[in-house]
2 protein chains.
Amino acid sequence: MEMLPQVRLGLDIKRAEQALMTAKSSAVRTADLTVAQYAALLALAQRPGISAAALARDCLVTPQAMTGVLKTLQTRGLIERTAHPWHQRVLETRLTEAGQHALTAADTEAVRIERRLADEFTAEEQDILRALLARCVQAIERDR
Amino acid sequence: MEMLPQVRLGLDIKRAEQALMTAKSSAVRTADLTVAQYAALLALAQRPGISAAALARDCLVTPQAMTGVLKTLQTRGLIERTAHPWHQRVLETRLTEAGQHALTAADTEAVRIERRLADEFTAEEQDILRALLARCVQAIERDR
DNA sequence: GCAGCTATATCAAGGCCTTTATTTATATTC
DNA sequence: GAATATAAATAAAGGCCTTGATATAGCTGC
């Protein structure tokens, strides 16, 4: 190996993401949701009537992955999908009443995690962290 | 929602991790490995003869998840598992010649990504990022 | 009008991961 | 020595995600 695993920045990023996912996962489970389902509902609340493809882009997953999540959510009555009025290829997706309730319950818990994170840092530190992470993405995606 | 999704630090962390995974995934695919398989082989190279349970802890996954990965790796002849000399419950896992080769090939590519990341920052910036991420983990896991 | 491009939706196969539960072996404690 | 605790391995079920492929709708340019 040309580079000791311990010095690789990727590991630190992964650890943080892992801790976050574990915590969020158990947080949203109190509303009987998975993180993927919660993310989809949250994005849907922001942009009602969005297409599954656009939703997938918002959630940073493939359209195929989103199809599966939406199928589960629809079966459980948390969303409804209706044909776009004039664009026959598109299905508009919206939260149902039950979906809104589940989202609210899950978000209350999820925000608790985000709050812990926000409270850990000063505003300046948050900006620094955000900027450094943005540069990570930039560096990783450069010259791909 | 009590907190706009855009201001949640979790999103920034997730984005960085996602970019990393995407890049690493395509990097190690040149050696016909997945990131999970690469991570297992890398940990195995660091600690030859380790048990599957310990390997799982190293890779931050459950023993069940690791069992699946090891099964694939063993089928493809990249690792070998032999009974522990006196501890009958434990299987020692080791890289085969082919496994070592695959790991070397994959690591060459993976290190390229880590190199881009390391080159993006000064030593001080790396330390700051590492420290901030460590505090994220700390904050998330506090009072669980 | 039509070819070609782009975007949406969805199927299928291959993997990975989690939770829950079981079996078995070693270690500890009395 | 026997009961208890701890740890390893593994099975099963439920989800999520990826890549690759297919079908179709709308748009663009000729």
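This is a predicted model, so every value here is computed, not measured. In what follows, chains carry the letters A, B, and so on, assigned in the order in which the sequence lines appear, proteins first and then strands, with residues in each chain numbered from 1.
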Could you walk me through whether A:Glu109 and A:Lys24 pass the salt bridge (charged side-chain N to carboxylate O under 4.0 Å, His left out) check?
-> CA-CA 8 Å; A:Glu109 296 305 312; A:Lys24 280 219 174 151; over 6 Å; no
Determine, step by step, whether B:Asp12 and A:Arg135 satisfy the salt bridge (charged side-chain N to carboxylate O under 4.0 Å, His left out) criterion, reporting the C-alpha distance in whole Å, the side-chain angles of both residues, the deciding distance to 0.1 Å, and the verdict.
-> CA-CA 11 Å; B:Asp12 298 82; A:Arg135 281 172 64 193; over 6 Å; no
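Judged by distance alone, the side chain of B:Arg29 and the main-chain N or O of B:Thr34 form no donor-acceptor pair under 3.5 Å.
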Heavy atoms under 4.0 Å is the rule here; annotate nucleotides 13-19 of chain D 5' to 3' with B where the base is hit, S where only the sugar-phosphate is, and - elsewhere.
-> ---SSBB
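With rounding to the nearest 0.5 Å, the separation of CZ in B:Arg115 from CG in A:Leu9 is 11.0 Å. The CG atom of B:Leu20 sits 8.5 Å away from atom NZ of A:Lys14, with the distance rounded to the nearest 0.5 Å. Distance check: B:Met66 CE to B:Leu55 CG gives 4.0 Å after rounding to the nearest 0.5 Å.
We find that CD of A:Glu92 is positioned 16 Å from C1' of D:dA25, with the value rounded to whole Å. The distance from atom CG of B:Leu33 to atom P of C:dG14 is 18 Å, rounded to the nearest whole Å. Computed from coordinates, the A:Leu55 CG to C:dA9 C1' distance equals 13 Å when rounded to whole Å. Rounded to a whole Å, the NZ atom of A:Lys71 is 13 Å from the P atom of C:dA9. Remark: C1' of C:dT10 and CG of A:Leu91 are 10 Å apart, rounded to the nearest angstrom.
Classification of B:Arg112 and B:Glu114 as a salt-bridged pair fails, no side-chain N sitting under 4.0 Å from a carboxylate O.
Residues A:Leu33 and A:Leu78 meet the side-chain proximity criterion, which asks for heavy atoms closer than 4.5 Å. With a 4.5 Å cut-off on side-chain heavy atoms, A:Arg15 and B:Leu133 do not count as touching.
Base contact: A:Thr67 has a heavy atom under 4.0 Å from a base atom.
Here the side chain of B:Arg57 is nearest to one of C:dT10, D:dT10, D:dA8, namely D:dA8.
Side-chain nitrogen and oxygen atoms of A:Arg81 include none within less than 4.0 Å of the OP1 or OP2 phosphate oxygen of C:dT8.
End-to-end axis angle of the helix from C:dG1-D:dC30 to C:dC30-D:dG1, from C1' rotation axes over five pairs per end: 30° (rounded to 10 degrees).
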